[in-house]
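Scroll down for the structure; my scribbles are underneath it.
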Amino acid sequence: MNKSIVLFFLLIYSVLNAQIQYKFSHFTTDDGLPTNSIYSISEDKSGNLVLGTDNGLTFFNGNDFKTLNVKDGLINPYIVAVFTDLKGVVWLINYNGKLQKFENNKISSTSIFTNQTNAFLNTKDNLYLYTMQNRYSNKTYYYNCITKYNWNLEKPEGNVFKSSRIAPPILVQDNEEIKLEANFLIYKNKKVPVPKDVSFLHKVIFRKNDVCLLDENYLFISDFKGEIIQKIKLPNSLSENIIYKYDFVVDKQNNCWLNLQNKGLFILKNNKWIAINENLELNATDNINFLFCDSKGKMWIATNEKGLFCIANTAISYYQFPNENNFFNGFAIAADTKSLFVSSKFCLYDYKNEVLNLLKKSNSEIKIDTYNSVPIFYLAMQQSTKWDSNLKMLLVQGRQLLKYDLGISYSLNGTNSISINKNKKQINSNIKEKIKNVVFYKNDYYFNNSEKITIRTFDQNKFVIKRVLKLNSKGYIQDFAFVKDTMWIATEGKVYKTFHEKVVDSISMINGTKVENVNKIKVSNDVVFLCSNSGLFIVKNRKNRVVNKYNLLPNNEVYNVALFDNELLVATKDGLAKIATSLIFAATEKPKLDLYYKEIIATKIVSPSKQELIKIELRIQNFNSVKNQIIQFKIDDLNWVTTQNKFLNFQSLSYGNHALSVRVKDVNSSWTTKTISIQKEYPFYLKWWFILIANLVVLAIIFLVYQHQIKKIKAKKQLEIDANNRVAELRQSALSAMMNPHFVFNSLNAIQYFVNSNQKEKSSEHLGKLSRLVRLFLSQASEPFISLEDEINRLKLYVELEQTRFENFDFIVTIDSEIDKKNSKIPNMIVQPFIENAILHGVSHLKEKDGKIDLNFNLRNDVLMIEVIDNGFGITSNKLKNDTHISKGISIITERIEILQQSYPKKTFSITQETAFKDVLRKGHKVTIVVTISD
């Protein structure tokens, strides 16, 4: 009996202490706020939040905070109120200063002193500055009224407003006055009677179908006929213990929010004020300075010294129990389908009408599931399968019910046995492998042992292996499920889609987020839920969604999901999330993006050629989830690059025009893309005019060089022609010199002498030699080069004919063995004149008849040295005796050698003459001819 009472009180305590938490974001100085004390909130025309703080005027775009201070024009950094009018001008009240405004990115001051005021009321014609701080006991407010026509005070400063029906100077909604005339509230085209129960109005808000009237002690909700629909007592009277400041706001979901400073923050749910201070980890006594609902429906909460809070949507909430294990893991639809069983690690709950009720606590882990629309509660202890009428669940031993028919149940028990429960008797059948889970599909059982999947059939109380699936998926199999006829297999790093045992597709990324460590696949109609350690991935046609702790969940470790009563329930490691299904698949607002260069919105950037660094700032307005934000950029046609940096630095960008594209998105939104052009100016030496001039100069130089070369080539050609003509003339002269009349005459005289003296053989021989010599001269006269062999033969014939006249000398020819006489060629007719000169002017005058002429041929590195040496009296003595007999051929050959050297500058041609011996009388003469032989 005592145990039952204790359990009963534990159940009551757990239910009463169930915490419905709203998903919220929290911003402090660690995130960029200039201070943790915010006194007022507004929204500018661009959708950025405007915050009045005790350290300046701050703008927030969801990503970054930007603060203006005294250096930017503020009279005082202590901003107690901000307001944005219909023209986008931001008005601000700073403590004991003048009314200031922020317009066109500049702060300017008016002549109006704000004194003690700390709030705005705005209408088409007037702007009211008032305060609730020093509300008098006679229910009056201090205020100033400014006429917008001339911006003058309509009433003197220090005006005290007193009314028997309303607390503020006027009632205003959406910048339009709500008039109170003859007990009627007149707003736009509506005229609503004030209910008699309303004594003193603090605020009036018209909703689509009703009106909210905030009284001293109650919130009245009436229809447009003045009939009271609801009357809800306030958590604290506004007249008792004078409230320093309060806020009453209706959000986009028509939720009523009430802030009573030092009393708490409340939201109206089911006609009850629910305190949500603890939801925000705030005490009731922590000062909340301001409530603001932005154009997107997000509720912003400004606090004193605790920072800024945001509750994005009350359709996003989760359940947590203090001092309990909030590890939720399972769902099972009740048999009547009107409620949902929910399990945490050690507790079983019933969920109905948005209320989570505790049904059972256990010392062992709880596991629940559904089998053929029957809710199952799995037991660890040995027990027969039976229906629990209290829980209204089927109690089954094991961890997965495989088959239940005619009172006989087959369940997976542990990892490697199947428990058979029949007639309250239990039989365990062992399996040789460890089974992770089983799926029944089209009359077959698919067993997963984490490494492979086998198909088994049920036959005579046994599961018989039919075959092993030949899958080419890789990795540890965490879970699998059938989506129509396609098998989805979850591994550590991918989800594979297989059809007829072939992988037809795989999922590794959804909306730019990696899909990994999927532990459960849940299918509901055409929606596939992938539960993982990095959040919940939802696959639905082309409306894929990523749900994680940065947008909708309390924790990223997701273990199960359920769709129930137009809500998505998500079991996580740190609570049960409850999300409206309409919100899940609603279009997510995409971020706004502007690219700034040098503090100006950029559409085109022109960068000087010497500028090395181009720094572009990304200003992104995104109030969804910054940590789910994906930023990418690319230059020209390169690949997209993912970054988290809000500044793009381009170092040493190449010259010319470039297209920079930047795009940003939330994981569940479409892309916002901006493209700007960047023109990196060319240096002067790469500009078109410089290149044109340079090309013209180069062309002019080329033309001049060409002309010069043409002239040079023509001149060289002319020199070659002249040289060739001169060589031809010299060869002709040399031929003439060799065939001079004296030589021919003397040869013919010798032949005549031999004929007259009846020396027929000698005359015939002499005549033959002369004829061969003449033939050789004539046949080779046109050749510039002749073989060394032909030259030697010709010289021998010539000397033999001369020896007929002069019998006083010998002629010796010496040839280097390395010389190839047949293939080595030398200039034509260059040796004979020196042989002739040696004969006529060297040895012909010797009476001793011991004359000698040596002709030597030596080869040194393709250079042929020809030496003609005689032992006569020498050229000097001979010239003294007979100047006129110097051979004309020598001068011809010398000139030819000079011409050859000019024509073939890379070859060697030279002639040197010197005394052969040191004898005083017979010095002899030596001629050295150096020529480069040709092949």
Side-chain angles (χ1 to χ4, degrees), residues 10-11 13-24 278-279 315-334 339-370 375-380 391 393 399-400 437 478-479 490 517-524 527 529-538 545-581 583-584:
L10 282 174
L11 290 173
Y13 177 81
S14 298
V15 171
L16 292 177
N17 285 273
Q19 299 272 332
I20 298 179
Q21 305 283 335
Y22 292 112
K23 181 70 177 176
F24 70 91
E278 292 185 13
N279 187 163
I316 308 167
S317 61
Y318 51 91
Y319 293 92
Q320 285 182 330
F321 293 86
N323 305 317
E324 291 286 349
N325 189 310
N326 288 292
F327 191 128
F328 286 82
N329 53 25
F331 300 100
I333 299 290
S339 63
L340 178 72
F341 293 104
V342 181
S343 67
S344 68
K345 201 166 187 179
F346 301 108
C347 296
L348 176 67
Y349 302 94
D350 174 67
Y351 180 75
K352 187 176 182 180
N353 298 327
E354 300 187 11
V355 177
L356 195 64
N357 298 307
L358 180 64
L359 296 179
K360 181 181 180 64
K361 295 189 73 172
S362 173
N363 293 325
S364 58
E365 291 190 20
I366 292 177
K367 179 176 173 58
I368 63 174
D369 202 354
T370 302
I376 309 296
F377 187 96
Y378 291 102
L379 302 171
L391 290 178
M393 300 182 77
R399 60 187 181 88
Q400 184 177 357
N437 64 322
Q478 307 269 36
D479 193 21
N517 294 322
V518 173
N519 55 66
K520 189 174 187 63
I521 301 176
K522 195 99 177 249
V523 183
S524 178
V527 183
F529 299 93
L530 306 176
C531 306
S532 79
N533 292 339
S534 55
L536 175 65
F537 299 93
I538 304 174
R545 291 290 183 267
V546 177
V547 182
N548 55 30
K549 67 179 182 180
Y550 303 120
N551 50 21
L552 303 177
L553 300 181
N555 190 278
N556 267 352
E557 293 189 36
V558 178
Y559 295 96
N560 211 329
V561 295
L563 286 172
F564 181 75
D565 198 18
N566 296 322
E567 292 177 334
L568 174 67
L569 298 175
V570 184
T572 78
K573 187 179 180 180
D574 194 29
L576 176 67
K578 179 171 70 75
I579 309 163
T581 53
L583 185 64
I584 291 288

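Note that the numbering runs from 1 along the sequence shown for the chain.
Between atom CG of residue L530 and atom CD of residue Q478 there is a gap of 12.0 Å, rounded to the nearest 0.5 Å. To the nearest 0.5 Å, the span separating OG on S339 from CG on L356 amounts to 11.0 Å. To the nearest 0.5 Å, the span separating CG on L379 from CZ on R399 amounts to 15.0 Å. For the atom pair L569 CG and I579 CD1, the distance stands at 8.5 Å (nearest 0.5 Å). The distance from the CG atom of N551 to the CD1 atom of I316 is 7.5 Å, given to the nearest 0.5 Å. Note: N519 CG to S532 OG = 7.0 Å, rounded to the nearest 0.5 Å.
F346 places a side-chain heavy atom less than 4.5 Å from the side chain of E365. Between E354 and K578, the closest side-chain pair of non-hydrogen atoms falls below 4.5 Å. Between L568 and V547, every side-chain heavy-atom pair lies at or beyond the 4.5 Å cut-off. Two residues are said to be in side-chain contact when any heavy atoms from C-beta on lie closer than 4.5 Å; C531 and Y559 fail this criterion. Counting only heavy atoms from C-beta outward, the side chains of N548 and L536 never approach each other to under 4.5 Å. Using a 4.5 Å cut-off on side-chain heavy atoms (C-beta onward), M393 and I368 make contact. The closest side-chain heavy-atom distance from K360 to L391 is below 4.5 Å. Residues L576 and F331 meet the side-chain proximity criterion, which asks for heavy atoms closer than 4.5 Å.
The side chain to side chain contact (heavy atoms under 4.5 Å, CB included) search around F564 returns I333, L340, Y351, not counting sequence neighbours.
In this structure a side-chain-to-backbone donor-acceptor pair under 3.5 Å is missing from Q320 to Q21. Looking at D565, its side chain never comes within 3.5 Å of a backbone N or O of E567 through a donor-acceptor pair. Counting only distance, with no hydrogens or angles, the side chain of D479 and the backbone of A490 share no donor-acceptor pair below 3.5 Å. Panel note: side chain N560, backbone N329; a donor-acceptor pair is recorded below 3.5 Å. When atom types are taken as modelled, the side chain of R545 and the backbone of F537 share no donor-acceptor pair closer than 3.5 angstrom. Formation of a donor-acceptor pair under 3.5 Å by the N556 side chain with backbone atoms of K549 is found in this model. The closest donor-acceptor contact from the side chain of S344 to the backbone of C347 lies under 3.5 Å. A donor-acceptor pair under 3.5 Å links the side-chain atoms of N555 to the main chain of E557, judged by distance alone. When atom types are taken as modelled, the side chain of T581 and the backbone of N566 share a donor-acceptor pair closer than 3.5 angstrom. Judged by distance alone, with hydrogens and angles left aside, the side-chain atoms of S343 form a donor-acceptor pair with the main-chain N or O of G330 at under 3.5 Å.
Aromatic rings from F328 and Y318 are positioned such that their centres are separated by 6.0 Å or more.
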Q: Walk me through it: do L348 and F377 pass the test side chain to side chain contact (heavy atoms under 4.5 Å, CB included)?
A: CA-CA 9 Å; L348 176 67; F377 187 96; 3.9 Å; yes

Q: Could you give me the CA-CA distance, side-chain angles and deciding distance for Y349 and F321, then say whether ring pair (Phe, Tyr, Trp, His ring centres under 6.0 Å) is met?
A: CA-CA 12 Å; Y349 302 94; F321 293 86; 5.0 Å; yes

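Residue-environment remark: NZ (K522) exceeds the threshold of 12 foreign heavy atoms within 6.0 Å.
In this structure, K345 forms a cation-pi arrangement with F327, its terminal cationic atom sitting closer than 6.0 Å to the ring centre and no more than 45° off the ring axis.
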